[in-house]
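Residue numbering restarts at 1 for every chain, and letters A, B, ... go by the order of the sequence lines.
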Amino acid sequence: MSVQTPDSVLDRLWSPFETQSGSRRSLFLMSPLILFELLIFVVPFAMLVRISLSEQSQSLPYAEGTFTIASYIEVLQSGFLQGIIVYSFRLGIIATVLAVVLATFYAYATWRADGLLKSALLFSVVLPLLTTLVIKTYAWVPLLAPNGTANNLLLAVGLLSAPVQVVPNTLGVVIGQVYIVFPYAMLAIYSVLSTVEWELVEAARDLGAGRARSFVEVVLPEIIPGITVATIISFAWSVGAYSAPALLGAGSDRPFALEIQEQMLLNFNWPIATALSTIMLVLMFVSIVLIYVVLGRFGGDVSNAA
Amino acid sequence: MSDIELQNISKSYGDLQAVDDVTLSVRDGELLCLLGPSGCGKSTTMRMISGLETPTSGEVYLGGENVTDQAAYDRDTSMVFQNWALFPYKTVLENVAFGLKMRGDGADERSRRARDMLERVHMDGYEEHSTTDLSGGQKQRVALARSLAVDPDVLLLDEPLSNLDKRLREEMEIELKDIHQEFDKTFVYVTHNQDEAFTLADRIGIMNDGRLVQVGEPTEVYRNPTNRFVEEFLGDTNFVAGEVADVDDRYASLSTDFSETIRIPAFEPVEPGASFTISLRPEFMSIQRATGADSPAETTARADGTGGDTIGGTVENTIYRGSRIRYVVDVGGEDLFVEQSVADQVGIQEGEAVELGWNTDDLLMFHPDGSRVGAE
C-alpha cells in the first residue's frame with residue numbers, strides 16, 4: 001500500500017487501520033458480535049444507568065425526564081444496603097475459596113485417575129449441569145433440614161445430640177452456592193491441568209520435591225490460568241447469588257440480587273434498584289481486575305527468585 | 001558406594017508384563033546402556049531404579065541398601081528425561097537450582113553451584129533465559145546440568161539424545177562420555193540406538209519383551225550374541241535358514257531354502273535333518289566379480305578347502321549409504337546383502353554376476369527357537 005497524504009481529520013484517524021488491511025476484515029468479521037453486544041448489553045445498560053439517575057416517584061417506578069444522583073447517595077449512606085453489599089461479597093469470597101480449593105483437588109484427582117474412575121469423576125461433575133438450578137438447589141432442603149436425612153442419620157449414629165440448623169441458614173447458602181459453581185470451577189481448572197505433562201511432576205519428585213512441594217512448585221504455576229478463570233466465574237456468580245440464598249437462606253441471608261428484586265418488583269423503586277446494580281457492577285469489575293492481577297503474579301511468567 | 005543391584009524385579013500393568021524377572025548389577029562408576037526396541041521394558045526398568053515406579057515383585061538395591069519401597073524424592077538418583085521435562089515457568093538457572101532448593105541449600109550456594117553446572121555444560125550466559133526459548137540441544141544440556149547439580153550417586157538417562165539430530169547427537173555422545181569420566185558416577189543409559197550404546201557403554205544390557213537377554217561389554221555382545229534376537233538387533237545381517245544334509249568331521253552342509261548348500265562348522269548338535277538359521281553378517285562377506293570360469297547362473301556354494309566359502313549371484317541393487325555401498329545380491333531367488341567401503345569399491349554394476357565369499361568359521365548359527373548354537 002502506498003503512503004497516503006491525509007487531507008482530513010477522518011482520514012488521519014482511519015489511516016492506522018488502512019495500513020493493515022487485515023484489521024478491517026476482522027472488524028467486519030466481528031460485526032455480528034459487536035452488534036449483539038450493543039443490543040443485548042450496552043444499550044440496556046445505558047438505559048439502566050439512565051434510570052438510576054432519575055428521581056424516585058410515588059406513583060411510577062421512576063420519574064421520567066428528571067436527573068439526580070440522590071439514589072446513589074441513598075445507597076451509599078444506607079447501613080441496611082451497605083450490609084447487603086458486604087453480605088454479597090462475603091458470600092462471594094467464602095464460596096469462591098471453597099469451590100476453587102475443592103475443584104483443584106477434584107481436578108487433580110481426575111487428572112491422575114484413569115479408565116473407568118476418570119470417566120466416573122468427570123461424569124459426576126457434568127451430571128448436575130443437566131438438571132435445572134432450582135431443583136438441584138431445593139434438593140438440599142430435605143437433605144440438610146433439621147428433620148432431614150443428614151441430621152437424622154447423624155442423630156441415629158450418635159454423632160449429634162440435637163439437630164443442626166443447616167437449612168435455612170447461612171451455612172446452607174454457602175453449601176448450595178459452592179455446589180452450584182463447583183462444576184464450572186472444576187472444568188475450568190481441569191481443562192488446563194489436563195495439558196500439563198506428568199513428567200514435570202516426576203522430574204520435581206526425582207529432584208527431591210515431596211508430593212505437596214512438587215504440586216506447589218510445578219503444577220500450580222501451570223494451572224494458574226485455569227484457577228483464574230475458575231475464581232472469576234465462581235466469584236461473579238456467588239456475589240450475584242440468587243437461588244441458593246432464596247431457597248436455602250434464612251431471613252438474614254440477603255444478598256443484593258434479592259434486594260434488587262424486591263426494590264424492582266415489590267417497592268417499584270427502580271432508581272434505588274438500578275443505582276445498587278450499577279454500584280455492584282463497578283465493585284465487581286474492580287474485584288475481577290484485582291483477582292486477575294494477583295493471580296497473574298503467581299504464574300504465566302518467569303519469576304526471578306532462583 | 002553407588003552400585004545398583006536389581007534382584008528378580010518384575011513390573012506388570014494389568015495383563016501387560018512390562019518387565020519380567022530382571023536381575024542385573026551395575027558396578028560403581030560404570031556406564032551401563034540398556035538397549036532394546038521400544039516397549040521392551042528398558043525405560044520401566046530404569047524408572048524402578050529411580051523410584052518413579054515400584055516393582056510388582058523383586059528388590060532394588062542402591063549402594064547395598066534396599067530402596068525398593070523408597071519414593072523417588074528419597075533416592076539418591078537423578079533422571080534425565082527423554083523430553084527433558086524442564087519446568088516451563090522457571091528460568092534456566094531456577095531449573096538447575098531446583099534440586100538444590102528442594103534439598104534446602106541457601107540461595108547463594110545454589111545459585112553458585114547452578115552457575116558452575118551451567119558452565120560445565122557450556123550453557124553459561126543463559127541463566128536468565130526461559131527454557132521455552134532454547135533449542136533441543138540446549139534443553140538437553142540444561143536437563144543434564146539440573147540432574148548433575150544435586151550430585152546424585154546414580155545418573156539415569158532415558159533416551160536423552162533421541163530428539164536431537166544426528167550431528168548434535170554424536171557431539172553430545174562424546175560430551176556425555178567426558179562428563180561420565182569427569183564426575184565418576186554410575187550412569188544407566190536407556191536407548192534403542194545401537195550406535196549410541198556402542199559409543200557410550202562400558203557394558204550393554206540388551207532387553208526384549210521385558211526380559212534381560214544379554215549383558216556384556218560391547219565387543220563381547222557383538223561378537224558373541226546369545227541368541228538370534230541380539231544378533232538381529234545389534235546390526236543388519238542376512239539370516240539363512242536350512243536343514244543339515246550331511247556331516248563330515250569338521251564341516252557339515254546345510255541345504256537352504258533357496259536350494260543352495262552352505263558349509264557350516266560341525267558342532268555337537270549338528271546332525272542330518274536338524275534345522276538351523278545361520279547369520280551371514282555383511283562385514284564377514286566379500287564381494288567380487290564372478291570369475292569367468294563359472295557361468296553367471298551357476299550358484300552352488302563351493303568350498304575352497306581353507307574354510308572359505310563362496311556363493312554366486314547377480315547384483316540386483318546398489319545403494320549408496322554415504323561412506324559405504326550396500327549391494328543387494330540375488331542368490332537363487334533369495335536376496336542377500338553385503339557392504340563395501342566406497343574406497344574399496346571396484347565399480348560393480350547392477351545386473352553383474354558376482355561371487356560372495358566368507359569364512360565358514362565366522363558363521364553364527366541359531367537353533368529354530370532362536371538360541372545360539374555352541375553359545376556358553
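- Atom CG of B/D158 and atom CD of A/E199 lie 7.5 Å apart (nearest 0.5 Å).
- Minimum interatomic distance between A/A209 and B/Y73 (heavy atoms only, all atoms of both residues): O-CD2, 3.3 Å.
- For A/R205, the parts lying under 4.5 angstrom from a heavy atom of chain B are both the backbone and the side chain.
- In this structure, chain A has heavy atoms under 4.5 Å from both the backbone and the side chain of B/T77.
- Residue B/D74 does not touch chain A at all, counting heavy-atom pairs closer than 4.5 Å.
- More than 12 heavy atoms of other shown residues, nucleotides or ligands fall within 6.0 angstrom of atom CZ in A/R112.
- Between A/E222 and B/F87 the shortest side-chain heavy-atom distance does not fall below 4.5 Å.
- More than 12 heavy atoms of other residues, nucleotides or ligands shown are found within 6.0 angstrom of CG on B/N83.
- A/F105 CZ: 12 or fewer foreign heavy atoms inside a 6.0 Å radius.
- Between A/D206 and B/S50, the shortest heavy-atom distance links the atoms OD1-CB, 4.1 Å.
- Counting heavy atoms of neighbouring residues, nucleotides and ligands inside a 6.0 Å radius, atom OH of B/Y126 does not exceed 12 of them.
- Only the backbone of B/L86 comes within less than 4.5 Å of a heavy atom of chain A; no side-chain atom from C-beta onward does.
- Annotation: B/Y13, atom OH; neighbour count of heavy atoms from other residues, nucleotides and ligands within 6.0 Å is above 12.
- Counting heavy atoms of neighbouring residues, nucleotides and ligands inside a 6.0 Å radius, atom CZ of A/R90 does not exceed 12 of them.
- Residue-environment remark: CG (B/D165) exceeds the threshold of 12 foreign heavy atoms within 6.0 Å.
- A distance of 10.5 Å separates OH in B/Y89 from CG in A/L200, rounded to the nearest 0.5 Å.
- Of the listed residues (B/K101, B/R146, B/R103), just one forms a side-chain contact (heavy atoms from CB on, under 4.5 Å) with A/L207, and that residue is B/R146.
- For the set B/A114, B/A143, B/A85, B/A72, the entry with the most heavy-atom pairs within less than 4.5 Å of chain A is B/A85.
- Between B/M102 and A/E217, some side-chain heavy-atom pair lies under the 4.5 Å cut-off.
- Remark: A/L116 CG is loosely packed, at most 12 non-hydrogen atoms of other residues, nucleotides or ligands lying under 6.0 Å away.
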